Amino acid sequence: MTALKNDRFLRALRREPVDRTPVWLMRQAGRYLPEYRATRKEAGSFLGMAKNPDVACEVTLQPLRRFDLDAAILFSDILTIPDAMGLGLYFVEGEGPKFERTVRSAADAAKLGVPDMETELRYVMDAVRVIRRELDGKVPLIGFSGSPWTLACYMVEGGGGKDFARIKAMALNDPETLHQLLSVNTDAVIAYLAAQRAAGAQALQVFDTWGGVLSPAMYREFSLPYLQRIARELDRGALRQAQGELDEHVPLILFGKGTAAYLEDLAASGADGVGVDWLVELGEAARRTQGKVALQGNLDPATLYGSPDAIRREVRRALDSYRDGNGGSRDGHVFNLGHGMSPDMNPDHVAVLVDEVHAYSAR
């Protein structure tokens with residue numbers, strides 16, 4: 001494998017000194033870029049892009065050609081696992097992802113199994129391999145998965161939701177079935193991330209997008225234990241390559257939206273990094289996690305609607321907050337948004353953000 005030319009991101013996740021704070025952005029490859037929209041039009045659909053490794057590679061690389069980002073993230077979707085389980089993923093314009101079949105009973109859950117990663121999900125692994133080759137060591141590649149709970153939300157609801165009434169009713173009325181579903185999802189997520197690592201992913205992230213919709217008691221029963229199991233059981237040690245090279249430890253980041261109340265638990269999970277949304281100050285997050293993990297985040301994505309001067313001000317505020325909470329050190333911080341970018345954001349504003357992170361944090 002080609003040696004990395006820029007390893008700031010991986011060094012930050014190891015909490016080692018870096019010359020400047022690394023930055024990447026959730027949904028950095030997306031509809032806010034005109035080149036993405038052109039590629040999607042040519043491919044015909046989102047799934048048409050995601051399931052074609054060469055097109056997925058092109059979309060992954062597009063933001064790296066525009067911005068001085070410190071990591072690439074695989075272009076894919078968090079719902080590839082339930083799709084490969086046979087639930088029939090499709091997208092409705094303006095409504096988002098939907099499933100042809102849902103999981104509403106013990107009988108439905110019993111039909112599910114862990115997909116074969118090199119058959120049903122080979123297109124994802126092929127995309128990882130193609131992207132690693134085309135990156136040629138420029139920056140590390142991040143692979144990812146949805147969390148067991150977040151996947152279950154879509155599988156039970158049949159798509160996205162606001163009140164998540166169906167899955168919460170299952171949690172209350174039939175917790176055994178929900179745990180059965182979460183258990184097979186966890187097995188699948190572990191296998192999926194391990195396969196991405198074997199294909200060449202150099203860091204891994206779990207998106208617990210809907211963890212924050214749960215009450216504290218429900219979060220500790222239906223989300224947290226499964227995230228802890230992933231951190232505990234996913235093999236991230238050195239991997240011997242066929243050509244005799246030894247890859248380094250592949251770090252794991254756990255990201256949850258609206259889950260700041262559980263920072264201490266996530267930091268104690270065994271993960272290398274914890275993603276933080278914009279509802280908690282980075283300084284507070286640093287103090288609460290006590291240097292046990294790297295922190296990733298946490299600019300409010302809506303900041304990108306501000307003027308360039310406002311963006312620079314908020315970037316500096318976030319960088320200073322992390323340093324203040326971490327005893328004056330900038331080590332162990334990956335700059336990111338507190339959630340993903342929106343389609344109507346201005347690419348020029350993204351450039352301002354990325355450049356300001358590097359300029360203001362430079363040693």
Side-chain angles (χ1 to χ4, degrees), residues 26-27 46 76-112 144-189 192 205-230 254-263 265-266 269 274-280 300-301 337-340 342:
M26 288 184 275
R27 294 197 200 126
F46 175 86
S76 187
D77 192 82
I78 64 169
L79 299 178
T80 50
I81 288 175
D83 184 44
M85 288 177 171
L87 298 188
L89 176 65
Y90 66 101
F91 287 81
V92 176
E93 194 67 35
E95 295 183 35
K98 304 278 186 183
F99 283 111
E100 295 171 4
R101 291 166 288 282
T102 56
V103 181
R104 301 277 172 82
S105 67
D108 293 335
K111 295 175 185 175
L112 302 175
F144 70 91
S145 172
S147 74
W149 163 257
T150 292
L151 296 181
C153 286
Y154 289 97
M155 296 163 81
V156 173
E157 300 287 339
K162 292 183 179 179
D163 56 10
F164 296 93
R166 288 190 176 97
I167 193 166
K168 289 186 177 182
M170 182 183 285
L172 293 164
N173 301 326
D174 192 5
E176 185 176 341
T177 293
L178 183 51
H179 281 298
Q180 182 181 358
L181 172 57
L182 292 166
S183 181
V184 72
N185 281 355
T186 304
D187 292 341
V189 168
Y192 187 53
Q205 177 156 311
V206 176
F207 286 86
D208 192 23
T209 308
W210 299 123
V213 306
L214 289 165
S215 69
M218 281 193 170
Y219 179 83
R220 294 185 186 282
E221 181 175 358
F222 296 110
S223 184
L224 180 62
Y226 297 98
L227 294 172
Q228 292 169 326
R229 203 186 124 205
I230 292 166
L254 300 179
F255 169 75
K257 185 181 175 188
T259 58
Y262 315 106
L263 279 171
D265 298 295
L266 295 169
S269 68
V274 172
V276 184
D277 70 16
W278 67 95
L279 300 179
V280 61
D300 183 346
L337 302 175
H339 197 241
S342 297

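Being a predicted model, the structure only gives us computed values, none of them experimental.
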Inset, instruction - Kindly assign one of parallel, tilted or perpendicular to the pair H339 and F255, based on the angle between their ring planes and the thresholds 30° and 60°. - result: parallel
Do [X] side-chain atoms and [Y] backbone N/O form a donor-acceptor pair below 3.5 Å?
{"X": "E157", "Y": "R166", "result": "yes"}
{"X": "R104", "Y": "V156", "result": "yes"}
{"X": "K168", "Y": "V213", "result": "yes"}
{"X": "S183", "Y": "Q180", "result": "no"}
{"X": "D83", "Y": "L79", "result": "no"}

For residues [X] and [Y], determine if any side-chain heavy atom of one lies less than 4.5 Å from a side-chain heavy atom of the other.
{"X": "L89", "Y": "F99", "value": "yes"}
{"X": "P148", "Y": "I230", "value": "yes"}
{"X": "L337", "Y": "D277", "value": "no"}
{"X": "M155", "Y": "L112", "value": "yes"}

Please name the pair of heavy atoms, one in [X] and one in [Y], separated by the smallest distance, quoted to 0.1 Å.
{"X": "L182", "Y": "A152", "result": "CD2-CB, 3.9 Å"}
{"X": "P301", "Y": "G338", "result": "CD-N, 4.2 Å"}
{"X": "I81", "Y": "S145", "result": "CD1-OG, 3.9 Å"}
{"X": "A109", "Y": "T177", "result": "CB-CG2, 4.3 Å"}

Rounded to the nearest 0.5 Å, how far apart are [atom1] of [X] and [atom2] of [Y]?
{"X": "M170", "Y": "C153", "atom1": "CE", "atom2": "SG", "answer": "11.0 Å"}
{"X": "L214", "Y": "Y219", "atom1": "CG", "atom2": "OH", "answer": "8.5 Å"}
{"X": "Y154", "Y": "K98", "atom1": "OH", "atom2": "NZ", "answer": "10.5 Å"}
{"X": "N185", "Y": "T150", "atom1": "CG", "atom2": "OG1", "answer": "10.0 Å"}
{"X": "W149", "Y": "F222", "atom1": "CH2", "atom2": "CZ", "answer": "7.5 Å"}
{"X": "L224", "Y": "M218", "atom1": "CG", "atom2": "CE", "answer": "15.0 Å"}

Answer with yes or no whether the side chains of [Y] and [X] bring together a donor and an acceptor at under 3.5 Å.
{"X": "D208", "Y": "T259", "answer": "no"}
{"X": "Y262", "Y": "S223", "answer": "no"}
{"X": "D77", "Y": "T80", "answer": "no"}

Inset, instruction - Run the salt-bridge test on R220 and D265 with the 4.0 Å N-O cut-off and return the result as yes or no. - result: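 Yes.
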Legend entry - Residues D187 and R229 bridged, charged N to O under 4.0 Å: yes
Legend entry - Contacts of K257 that satisfy salt bridge (charged side-chain N to carboxylate O under 4.0 Å, His left out) - sequence neighbours left out: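 Partners of K257 under the salt bridge (charged side-chain N to carboxylate O under 4.0 Å, His left out) test: none.
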Legend entry - Residues forming a side chain to side chain donor-acceptor pair (under 3.5 Å) with E221, sequence neighbours excluded: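 Partners of E221 under the side chain to side chain donor-acceptor pair (under 3.5 Å) test: H179.
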Legend entry - F164 vs W210, ring pair (Phe, Tyr, Trp, His ring centres under 6.0 Å): CA-CA, chis, key distance, verdict: CA-CA 9 Å; F164 296 93; W210 299 123; 5.0 Å; yes
Inset, instruction - Give the intermediate values and the outcome of side chain to side chain contact (heavy atoms under 4.5 Å, CB included) for residues L151 and V189. - result: CA-CA 10 Å; L151 296 181; V189 168; 3.9 Å; yes
Inset, instruction - Quick one: do S147 and L227 satisfy side chain to side chain contact (heavy atoms under 4.5 Å, CB included)? Show the steps, please. - result: CA-CA 7 Å; S147 74; L227 294 172; 3.9 Å; yes
